[in-house]
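Written out below as structure tokens is the structure these notes cover.
Both ligands and their constituent atoms are indexed starting at 1 by order of listing.
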Amino acid sequence: MTDSAKFDTLLVESRVFKPIKEFSKGAHIKSMAAYRKMYNESVRAPAKFWGKVANEFHWFKKWKKVLDWKEPHAKWFVGGTTNISYNCLDRHLTTWRKNKAALVWEGEPGDSRTLTYQELHREVCKFANAMKNVGIKKGDRVIIYMPQTPEAAIAMLACARIGAPHSVVFAGFSANSLKDRILDTEATAVLTADGGFRRGNIVPLKASADEAIAECPSVKSVIVLRRTNNEITMKEGRDHWWHVLMQTASADCPAAKLGSEHPLYILYTSGTTGKPKGIVHTTGGYMCGTYLTSKYVFDLKDEDTYWCTADIGWVTGHSYIIYGPMLNGATSVMYEGAPNHPGPGRFWEIVEKYKINIFYTAPTAIRAFMKWGDEHPNSCDLSSLRLLGTVGEPINPEAWMWYRNVIGKKKCPIVDTWWQTETGTIMITPLPGATPTKPGTATLPFFGVVPDVVTPDGESVGPEGGGLLVVRKPWPAMLRTIWGDDKRYRKQYWSDIKGCYFTGDGARKDKDGYVWIMGRVDDVINIAGHRLGTMEVESALVAHPDVAEAACVGIPHEIKGECIAAFVTMKGENRKNVALEKELGQWVVKEIGAIARPDYMRFSAALPKTRSGKIMRRLLRDIASGSDQVGDTTTLEDVSVLQSLQQYQDE
Ligand code: PRX
């Protein structure tokens, strides 16, 4: 653990916004008293609380025990069999929701499609059969490397239907990152597309998939969606066109009866060391968690048109575009492309076009909108909005206020939701009809969640104290393990603070018990709401034949929250070199993806290290942030390294 585990009170924010009366009147949870009552019940008798939630779903066989907890392994709804795809789709077909829009989709070029629950069900059943017809079966891992199209949702729900755990790989990742994930999951199939649209360009997904799969012997079949019509090559016997398979696939596909702990998906996220971790989520608990959080945090009602702007490549897309909303029978909007294509008003045009009521996005997007100018949202009719949400990183109070005033016109509550890939569901959040909000805090725990802020010894800190954010009790949607590496799971999450799940975040609790997230305490950088381990970028850099050593740190960035500064020691000359900077930047993009491209790069004959050889990232952070004053250098082995790095700026 680093010295930044000690968090001071950096922000003093005294504004409090009480829930809006009109909103509270119609909300699922109308007051703090109602929240407290239900929260206390959920924590005092979790089995009763979650058992009641699970009873709202269809189970082929009812569970025997709600929770079996042997730290650090939880089993929820032990002995029960169910299917999340069934509960997202089939369950609604015998109700009036049969012809309700399940998915409203907008493509980047402006094309659009709406699928009712019945239509989505039919497509999912057909595609599930199409997968079976090429040999994909229960337990097989299936990689989804697709653009944000309805077919990506269909693919996920079809995998869930047959019990083949999916692993969605963000379409912005490179062939190399895709390859690592295929190898780690030993997937037998890859679902991809000829390409995807991004800012008017075509992202050549099939070409990247081909490059990756060439080194992945486990892959037996590839299914390719036609989206962009660009030239691609199809490999005889391995590759199949989506639309061709669908022509002959039957629409009759009963959902597989899966154990409650059957793995639903594996999603990779960055850690401090080594390769990304395959976070494993299972069926029954995740189903209850995503359902309940969607219902109460977004105050979802049948009349709502709900839009989460995330990408399905991240956990937010899994839990809050697909599973959570559909378990509620909601109408979920999905958009394929960039927020500023063809112009900076695109999101607001979508809000106006579909009359969005609930809008969930990331602070990085909000900061970009602020920069692009108020005229874009102001020229659209946003009057349909009734609730706003954010996720992914701490939101600075200035962005919070802008969101409230310019987008919400002071009439929409804001839910700042804290959670992680690992937690599966929202953990700390206001409930919009009940919780008084303060700009910059995710406020209080959701039902069943017992967070705490502790010292490295696990002692709770007092009011206003800073420390490490932990969760003291298991919750239904928690990760179950790291795919193929349970030892790492134990070490990463359950060894730092005894008896607790350690989140990796630093936090502070204020006098009202509100949790203020202060950022990561490890070497993980949060770029535009997405986690990247400094190690990953460093490994990519040193994989370049001319690089001897590299160290990366996260530094503040106006829009992205944080960005990467890379310090590189070349095998040859170490002078400022713009061409080399560009080359190494492109190298990282090829190794990982554009998200990992360093914003700053400095070449240095050596890196500042302690006598024991540990790179002093704190000093690098100070230098990269342009601070004249660097912190304590007493443990630095060679002070001249620091001087040469500081002089670099003036060259
Ligand atoms: O540091 C926290 C930050 O994002 C991390 C989780 O990242 P990831 O697994 O990629 O999931 C992002 C979407 C759920 C957390 O450890 N984070 C997430 N939401 C917030 C946040 N920090 C502050 N406030 C939030 N609302």
Side-chain angles (χ1 to χ4, degrees), residues 4-5 7 10-11 13 168 170 172-173 266-272 276-279 281 289-290 293-294 297 308-321 323-324 360-367 388-397 399-400 403 414-430 435 437-446 449 451 453 468-471 477-479 482 492-493 501-508 514-533 536 554 560-562 595-596:
S4 51
F7 278 91
L10 300 174
L11 277 168
E13 175 58 65
V168 183
F170 172 53
F173 276 137
I266 304 164
L267 187 61
Y268 285 81
T269 188
S270 296
T272 42
K277 304 170 285 196
I279 302 300
H281 283 292
T290 50
T293 45
S294 298
V297 177
C308 163
T309 71
D311 191 285
I312 48 137
W314 311 110
V315 73
T316 310
H318 286 57
S319 299
Y320 298 112
I321 297 179
Y323 293 113
Y360 189 35
T361 196
T364 183
I366 297 168
R367 288 190 294 266
L388 305 174
T390 79
V391 59
E393 54 183 311
I395 181 164
N396 45 313
W400 196 99
Y403 200 28
I414 296 178
V415 287
D416 172 356
T417 63
W418 176 89
W419 59 296
Q420 308 179 296
T421 306
E422 292 88 340
T423 68
T425 47
I426 293 167
M427 302 288 275
I428 303 178
T429 177
T435 319
T437 52
K438 306 177 193 180
T441 164
T443 74
L444 297 168
F446 186 74
V449 178
V453 179
L468 306 169
L469 181 65
V470 297
V471 185
M478 67 189 279
L479 77 165
I482 292 174
Q492 180 83 40
Y493 303 108
Y501 166 82
F502 177 43
T503 63
D505 282 350
R508 168 174 76 86
Y514 282 26
V515 179
W516 297 74
I517 308 291
M518 315 298 284
R520 304 284 307 182
V521 298
D522 52 21
D523 292 326
V524 169
I525 314 175
N526 191 327
I527 300 167
H530 303 304
R531 270 154 69 180
L532 262 186
E536 276 170 78
K560 294 192 269 190
E562 278 189 296
I595 193 171

Would you say Thr316 and ligand 1 have an N/O pair spaced under 3.5 Å apart? no
Trp419 and side chain to side chain contact (heavy atoms under 4.5 Å, CB included): which partner among Thr293, Ile428, Thr316? Thr316
Give yes if a backbone or side-chain nitrogen or oxygen of Thr390 is under 3.5 Å from a nitrogen or oxygen of ligand 1, and no if not. no
Any Gly392 heavy atom less than 4.0 Å to ligand 1: yes
Quick one: does any side-chain atom of Glu422 pair with a main-chain N or O of Leu479 as donor and acceptor, under 3.5 Å? no
When you compare ligand 1 with His530, is there at least one nitrogen or oxygen pair between them that comes in under 3.5 angstrom? no
Quick test of your reading of the structure: of Asp416, Thr421, Val524, whose heavy atom lies closest to atom 26 (N) of ligand 1? Asp416
Suppose I only count heavy atoms of Asn526 and a 4.0 Å limit; which atoms of ligand 1 are within that range? 3 (C), 4 (O)
Hits for ring-ring contact (aromatic ring centres under 6.0 Å, His included) against His530, two or more places apart or cross-chain, chain-then-number order -> Trp314
Identify, by atom number and element, the atoms of ligand 1 in contact range of Val391, meaning under 4.0 Å from any of its heavy atoms. 13 (C), 14 (C)
Do any nitrogen or oxygen atoms of Thr503 come within less than 3.5 Å of a nitrogen or oxygen of ligand 1? no
Using a strict 4.0 Å cut-off to heavy atoms of Trp419, name the atoms of ligand 1 that fall inside it. 6 (C), 14 (C), 15 (C), 18 (C), 19 (N)
Identify the residue among Thr423, Thr269, Ile266 that makes a side chain to side chain contact (heavy atoms under 4.5 Å, CB included) with Ile279. Thr269
Set of residues satisfying ring-ring contact (aromatic ring centres under 6.0 Å, His included) with respect to Tyr501, sequence neighbours excluded: Trp475, Tyr493, Trp494
Tell me: protein heavy atom nearest atom 7 (O) of ligand 1, and distance? Arg531 CD, 2.9 Å
Can you pull out the closest protein heavy atom to atom 25 (C) of ligand 1? Residue, atom name and distance to 0.1 Å, please. Glu393 O, 3.5 Å
Between Thr503 and Gln420, is there a side-chain donor-acceptor contact under 3.5 Å, judged purely by atom types and distance? no
Under 4.0 Å from a heavy atom of Asp505: give me the atoms of ligand 1 that qualify, with their elements. 1 (O), 2 (C), 15 (C), 16 (O)
Donor + acceptor pair across side chains of Tyr403, Thr361 (<3.5 Å): no
